[in-house]
Amino acid sequence: MKCEIKPESLVRKCYHTGGYVFAKKPDISEKKDFEEYARLASNENPLPPSDAVIKAVCESVARANRYPDEKSELLFSALKECYGSSYNFAVSGTGMDGIIETVIRVIVGPLDKVIVSSPTFSYYGIATTTQGGLPVNIMRKEDFSIDKKKIIEESEDAKLVIICSPNNPTGNVTPVPVVKEILENIKCPLFLDNAYIEFSSLDYTPLLSQYDNLIIGRTFSKAYSLAGLRIGYAFLPEWFEKYYKRAMTPFNLSIPSEAAAVAALKDKEHIKKTLNHTISWRDKIIENCRYPAFPSDTNFILIDTHPHSGDKITEVLRESGVLVRSCRSFPGLPDHYIRVSIGKDWEMERFLGAINSI
Ligand SMILES: *Cc1c(COP(=O)(O)O)cnc(C)c1O
């Protein structure tokens, strides 16, 4: 029997439009004067994973005929060894994005409000909408600090508050006492996105023992150089752990990803190297860029390209062999900004040369 209704009409409305907006990539067939693009659009670490991590991953693949350990015990013990045994963790094989998705799936149902401090990472809104929830964007102030008072007011009937610190794409942090005040005054959990925390000097983990409504999300994609393996983790309040585990997809973290994460956590030298490189270029860009560049506690810099649009500058830089992110897709940010990741030396030199000659 032939189906009477158009199959597309069965698709939920939230998937009819939208989806994550990826940084633009060049067409491979395109003719160009340079061998390789400077890849400064996705906040990746330009350093490859260390030899120890590569070796661990290669060895682990020999066991890939089996499902991974459903409890990811090796990574849990490595996390406890690194941070202390009093914490409760979650791990994800689809990056911190997977953590965000699962946390939202546990808490947010149809028409539930989720407070998001914007402009910020777009996936919070996407993950909320696909649950039938309602993202409520509370705009940051002119200096990109969060609007604490409004967040607290609006959270009155919300199920979840999400704050990114250091924030993507603005690069600034929310100070620990401000986060503390929010935790004290909201009646729901706070998801604190710490994707870039290693590049800052802040640590929110001491708050975990004082507040049982704090969830901290972390990733191996940025400072740990493992974006391609998609590993995320989180600090959870104790009461939340069993619900998270029920909601997550089974065998979430692959064998090679777990091996990589365990080896990477031990490799303090890699983080040190990454930080030295990132911080020295952060300062150089802010000093030498012709357009105003904002201070940053991350591995990227927000640049105000006024009077040119972010799209226009992104296009011009691409022609000079430099890929950056236009910020047009970040709701709440005017369209004259670009976000530039800290890459290798040659990439940063090419970027500075190109932007300063526009
Ligand atoms: C990169 C990023 C993530 C997600 O990283 P994963 O690769 O999914 O672990 C989460 N939040 C912010 C703000 C990010 O920039």
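When a residue number appears, it is its place in the shown sequence, counting from 1.
When the shell of 6.0 Å around CZ of F251 is examined, it contains more than 12 heavy atoms from other residues, nucleotides or ligands.
The shortest distance between side-chain heavy atoms of P169 and L333 falls below 4.5 Å. Using a 4.5 Å cut-off on side-chain heavy atoms (C-beta onward), L134 and T128 make no contact. Taking the side chain as every heavy atom from C-beta outward, F294 and R339 never approach each other to under 4.5 Å. Side-chain contact between L214 and L192: present, with at least one pair of heavy atoms (C-beta onward) separated by less than 4.5 Å.
By the 6.0 Å and 45° rule, R350 stacks over the aromatic ring of F34.
Atom CZ of residue R230 and atom CG of residue D97 lie 5.0 Å apart, to the nearest 0.5 angstrom.
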* Determine, step by step, whether D311 and R328 satisfy the salt bridge (charged side-chain N to carboxylate O under 4.0 Å, His left out) criterion, reporting the C-alpha distance in whole Å, the side-chain angles of both residues, the deciding distance to 0.1 Å, and the verdict. => CA-CA 7 Å; D311 280 3; R328 193 166 56 90; 2.5 Å; yes

* Could you walk me through whether E258 and S60 pass the side-chain contact (heavy atoms from CB on, under 4.5 Å) test, one step at a time? => CA-CA 9 Å; E258 183 175 23; S60 78; over 6 Å; no

* What do the steps show when you test E44 against K222 for side-chain contact (heavy atoms from CB on, under 4.5 Å), and what is the final call? -> CA-CA 5 Å; E44 296 145 331; K222 312 281 162 56; over 6 Å; no

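Judged by distance alone, the side chains of T120 and N167 do bring a donor and an acceptor atom under 3.5 Å apart. Between the side chains of D69 and S72, no donor N or O sits under 3.5 Å from an acceptor N or O.
Ring orientation note: the planes of F89 and F76 are nearly perpendicular, at an angle over 60° on the 30°/60° scale.
For the pair E153 and K150, the salt-bridge criterion is not met [side-chain N within less than 4.0 Å of a carboxylate O].
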